[in-house]
Amino acid sequence: MVESVATTSLLGYRVLYGGIPVKDAFCRRRSPDMCRFPSTTFLGRRVVTSGLPRVRVTVASLSPIKALAMELTKEAHSYREEERIPRNLNYETGLDVDRKPGLWPPENRADDPSLHNPLLRQERMGCGWLGAIFEWEGVLVEDNPDFEKQAWLALSQEEGKSLPPAFILRRIEGMKNEQAISEVLCWSRDPAELRRMASRKEEIYQALQGGVYRLRDGSREFVNVLMHYKIPMALVSTRPKKVVENAIGAIGIKGYFNAIVAAEDVYRGKPDPEMFVYAAQLLQFIPERCILFGNSNQSVEAAHDARMKCVAVASKHPLYELGAADLVVRHLDELSVVDLKNLADTELAEFGSSELELEMEEEVESDSDRSSLAAVDDNFW
């Protein structure tokens, strides 16, 4: 019995060998460089355990695998610290080069490596570097959609065509006249006829409109704020450029816009993003840093196709119909420069890696599924 007691008294101790952790009788971890071996003596029926002498384990007794892992960790840490600090100012910013994590500058499409001034380069990559693109009617000035419908109905009567239904008129909103006549109304394909009918339709509209333009509430105040913060602005319209320039001068905002895109400058109107992309090129901004101010779902669709942000102005559509836009307001003075900077923030998905594409798994039909489908078809017929 004494021998069994002596044997069980040693179960609480494990000898350290090769870096294996040691625990004492109280389940406390011992230092990995020492261990104790208890010595037991027998005095009659009592078992006496003397003090535990310390036995030092030299470094040579450590596991060679653990030593190799420590060396590799040191090398990896030193390499990471060395590569984190750039040695020169010739930064590589190409998107086709594999980038290492933790290096500067981070990947940003707004970055321009040709800029040698680091302050200008940093400002360009910040969210304050943005451009504003405005639609003309329904955003800056009041718009009466009934005039547009009446112009199309009058033109159809002059040309002897059938009157376009309401859903066709809604579909051609925002399109160029030539585009609507050839692709939707299908009245003609001849370029000369298209130009003639488009010009005639514009004459009818201007006669109905009377050349009277009135700024919407809050438009002038918002444009003045953007002018104060030196944010470039562009104006986009499917009207002829001469008509747009005369209207801008009449309401007193001439010189506010850095670029004007009219019907003569593009081939297609909304929902094609051609007008907005061309306006961004004239402003010398990438589309991701341009904010479009529109008033319809066609504007929202075109802006998102061009990778722009869109602020929808509820002038002729209710708020709930413009939910696809990034922001929806009733008047432009509800916005602030902070709202625009948040929209152009570089933390958004467009400036990181490419958008993740969902992988579609192919469904494999088993023989039993095919037989059941065939049975159902037979019973149906």
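Source: prediction; values computed, not measured.
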Handout entry: Non-hydrogen atoms of L283 and A132 that approach each other most closely
Key = CD1-O, 4.0 Å
Practice task
Provide the closest heavy-atom pair for L292 versus E135 in the form atom of the first, atom of the second, distance.
Solution key: CD1-CG, 4.4 Å
Exercise for the section: Taking all non-hydrogen atoms of both residues into account, name the closest pair between A280 and M308 and its distance. Expected result: CB-CE, 3.9 Å
Handout entry: By salt bridge (charged side-chain N to carboxylate O under 4.0 Å, His left out) - contacts of E173 (at least two apart)
Key = K316
Return all side-chain donor-acceptor pairs below 3.5 angstrom for residues 321-328, not counting sequence neighbours, or 'none' if the list is empty.
{"residue": "E321", "atom": "OE1", "partner": "H317", "partner atom": "ND1", "Å": "3.3"}
{"residue": "D326", "atom": "OD2", "partner": "H304", "partner atom": "NE2", "Å": "3.2"}
{"residue": "D326", "atom": "OD2", "partner": "C310", "partner atom": "N", "Å": "2.8"}

Problem - Pairs meeting criterion side-chain hydrogen bond (donor to acceptor under 3.5 Å, both in side chains) with involvement of residues 250-263, two or more places apart - result: N224-Y256
Completion exercise
One should read off an interatomic distance between I133 CD1 and S299 OG, to the nearest 0.5 angstrom, of 11.5 Å
Completion exercise
Separation between OG (S182) and CD (E193), nearest 0.5 Å, reads 12.5 Å
Handout entry: Spacing of Q206 atom CD and E202 atom CD [to the nearest 0.5 Å]
Key = 5.0 Å
Problem - Identified side-chain contact (heavy atoms from CB on, under 4.5 Å) partner of L332 from the options V223, V225, L140 - result: L140
Fill in the blank from the handout: In short, salt bridge (Lys or Arg N to Asp or Glu O under 4.0 Å) pairs touching residues 275-285 with sequence neighbours left out are none
Practice task
Rounded to the nearest 0.5 Å, what's the gap from CG on L155 to NZ on K201? Could you check?
Solution key: 8.5 Å
Practice task
Working to the nearest 0.5 Å, report the span between CD of E183 and CZ of R268.
Solution key: 4.0 Å
Problem - side-chain hydrogen bond (donor to acceptor under 3.5 Å, both in side chains) partners for D305, two or more places apart - result: none
Completion exercise
In terms of heavy-atom contacts, R330 and V313 come closest through O-CG1, 3.6 Å
Problem - Given I253, V139, V244, the one that forms side-chain contact (heavy atoms from CB on, under 4.5 Å) with L235 - result: V244
Problem - Salt bridge flag under 4.0 Å for residues E245 and R239 - result: no
Handout entry: Contacts of type ring pair (Phe, Tyr, Trp, His ring centres under 6.0 Å), residue W129, not counting sequence neighbours
Key = F285
Exercise for the section: Could you note down all residue pairs passing ring pair (Phe, Tyr, Trp, His ring centres under 6.0 Å) where residues 214-250 supplies at least one of them, sequence neighbours left out? Expected result: F222-F293
Exercise for the section: Mind checking salt bridge (charged side-chain N to carboxylate O under 4.0 Å, His left out) for R195 and listing every partner two or more places apart, or none if nothing turns up? Expected result: none
Practice task
Output all residues satisfying salt bridge (charged side-chain N to carboxylate O under 4.0 Å, His left out) with R170, sequence neighbours left out; order by chain, then residue number.
Solution key: none
Handout entry: Residues that Y205 engages under ring pair (Phe, Tyr, Trp, His ring centres under 6.0 Å), provided they are two or more places apart
Key = none
Practice task
Mind checking the CD-NZ spacing from E301 to K270? Nearest 0.5 Å is all I need.
Solution key: 10.5 Å
Practice task
May I ask you to check whether over 12 heavy atoms, not counting those of Q284, lie within 6.0 Å of atom CD?
Solution key: no
Handout entry: Nearest heavy-atom neighbours spanning A279 and V236
Key = CB-CG2, 3.9 Å
Completion exercise
Taken in chain and number order and not counting sequence neighbours, the residues that satisfy salt bridge (charged side-chain N to carboxylate O under 4.0 Å, His left out) with E178 are none
Completion exercise
Residue pairs meeting side-chain hydrogen bond (donor to acceptor under 3.5 Å, both in side chains), one or both in residues 157-168, sequence neighbours left out, come to E158-R200, E159-R196
